[in-house]
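Not measured: the values here are computed from a predicted model. Atoms considered below: every heavy atom in the structure, side chains included; atoms not considered: hydrogens, waters and symmetry mates.
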Amino acid sequence: MTKMTVSRETISWRWVTDRGIRLATGKATLPVYHMLMEAGLPGVVELVPADGSLLVVLKPGTQAPPRLLDILNSQSFDMTPARPGREHEIGVVFDGLDLPDVADKLKLSQLGLIEGLCEIRFVVNFLGFQPGFAYLEGLPEGWHMPRLETPRKSVPAGSVALGGTYCGIYPAQGPGGWRLIGRTDARLFNPVATPPALFQPGDSVRLVAA
């Protein structure tokens, strides 16, 4: 597997609380996340990837482990992903309210849009917004969709949508400004499961027309 090295000029870090360290990772968030996950650092209770950054959360009353500081202060990071993420196939009924408009914006037929989306291998970049809501990266640059000027007050659970550079699936009903392209019956968040979120950072997701 190809190794990727990112210089210290690319990744910087700073304390954000007495137990939180924020890393500015840019497009290297997932490799850094996997590297730190596999390092098994004592005192680190959570790693929270976000859009271009990663939060390292320490156990209350614990100082940053020396190994973590050595990694953060090194001149380069060997960021070969230690393990591949899980692969998911999600059945989708492509009948979203915004599907015709999205296809029109991309100058595609609705069938062409659906076929294109089903060919993409999306990668879970990070989770947020709702419990279990994954930001799925992989849209071609020309397919990036502006969010609605006025968000909807209620989007049904299971809605598949495009927003900015991402595709996403709403685990629960709630407000949202992304463009709805379809729906799925897949359960994305189960509070009694381990882990509770179906998708985890680094997993791959393929949409399958149901």
Side-chain angles (χ1 to χ4, degrees), residues 2 4 6 10 24-34 48-54 79 81 84-152 155-172 174-186 188-189 197-210:
T2 303
M4 178 170 62
V6 177
T10 302
T25 50
K27 293 186 177 299
T29 300
L30 283 178
V32 176
Y33 170 79
H34 285 136
V48 185
D51 195 355
S53 68
L54 179 70
M79 294 186 297
R86 293 189 301 163
E87 298 181 358
H88 306 269
E89 285 193 354
I90 302 297
V92 178
V93 176
F94 287 96
D95 61 356
L97 294 175
D98 300 313
L99 183 69
D101 184 54
V102 171
D104 185 62
K105 288 180 182 298
L106 298 179
K107 295 180 171 55
L108 295 170
S109 66
Q110 293 183 41
L111 179 59
L113 172 59
I114 294 168
E115 290 177 343
L117 289 168
C118 291
E119 291 175 356
I120 298 172
R121 176 184 175 273
F122 290 101
V123 176
V124 178
N125 203 351
F126 60 98
L127 281 75
F129 175 58
Q130 290 181 349
F133 185 99
Y135 288 76
L136 307 177
E137 189 174 50
L139 287 174
E141 185 174 351
W143 288 29
H144 298 173
M145 279 291 118
R147 293 164 175 79
L148 298 174
E149 293 184 5
T150 303
R152 294 182 172 94
V155 173
S159 294
V160 182
L162 305 181
T165 62
Y166 295 108
C167 177
I169 305 173
Y170 289 76
W178 290 24
R179 297 180 185 270
L180 306 182
I181 58 171
R183 53 190 167 88
T184 180
D185 292 331
L188 304 184
F189 185 78
L198 176 64
F199 299 148
Q200 295 296 309
D203 286 0
S204 63
V205 179
R206 288 191 181 275
L207 306 182
V208 178

So, do [X] and [Y] sit near enough that their side-chain heavy atoms are less than 4.5 Å apart?
X      : Y      : answer
Leu117 : Phe94  : yes
Arg86  : Leu198 : yes
Arg183 : Asp95  : yes
Pro140 : Ile120 : yes

Within the side chain of [X], is there an N or O that forms a donor-acceptor pair under 3.5 Å with the backbone of [Y]?
X      : Y     : value
Ser53  : Ala50 : no
Arg179 : Gly96 : no
Thr184 : Gly91 : yes

Please round to the nearest 0.5 Å and tell me the distance separating atom [atom1] of [X] and atom [atom2] of [Y].
X      : Y      : atom1 : atom2 : value
Glu89  : Ser204 : CD    : OG    : 9.5 Å
Phe199 : Ile169 : CZ    : CD1   : 4.5 Å
Phe122 : His88  : CZ    : NE2   : 14.0 Å
Ser109 : Asp104 : OG    : CG    : 11.5 Å
Arg152 : Leu180 : CZ    : CG    : 4.5 Å
Ile114 : Leu207 : CD1   : CG    : 11.0 Å

Requested in this report: Give me the ring orientation class for Tyr170 and Phe133: parallel if the planes are under 30° apart, tilted from 30 to 60°, perpendicular past 60°.
Outcome: perpendicular
Which heavy atom of [X] sits nearest to which heavy atom of [Y], and what is that distance?
X      : Y      : result
Val155 : Pro175 : CG2-C, 4.3 Å
Pro201 : Leu127 : CD-CD1, 3.8 Å
Cys167 : Val160 : SG-CG1, 4.0 Å
Ala197 : Gly132 : CB-CA, 4.0 Å
Ala134 : Val124 : CB-CG1, 3.9 Å
Val92  : Gly182 : CG1-CA, 4.1 Å

Query raised in the report: More than 12 foreign heavy atoms under 6.0 Å from CG of Asp101: is that the case here?
Result: yes
Report summary line: With Tyr33 as partner, the option from Thr25, Val48, Asn125, Leu54 fulfilling side chain to side chain contact (heavy atoms under 4.5 Å, CB included) is Leu54
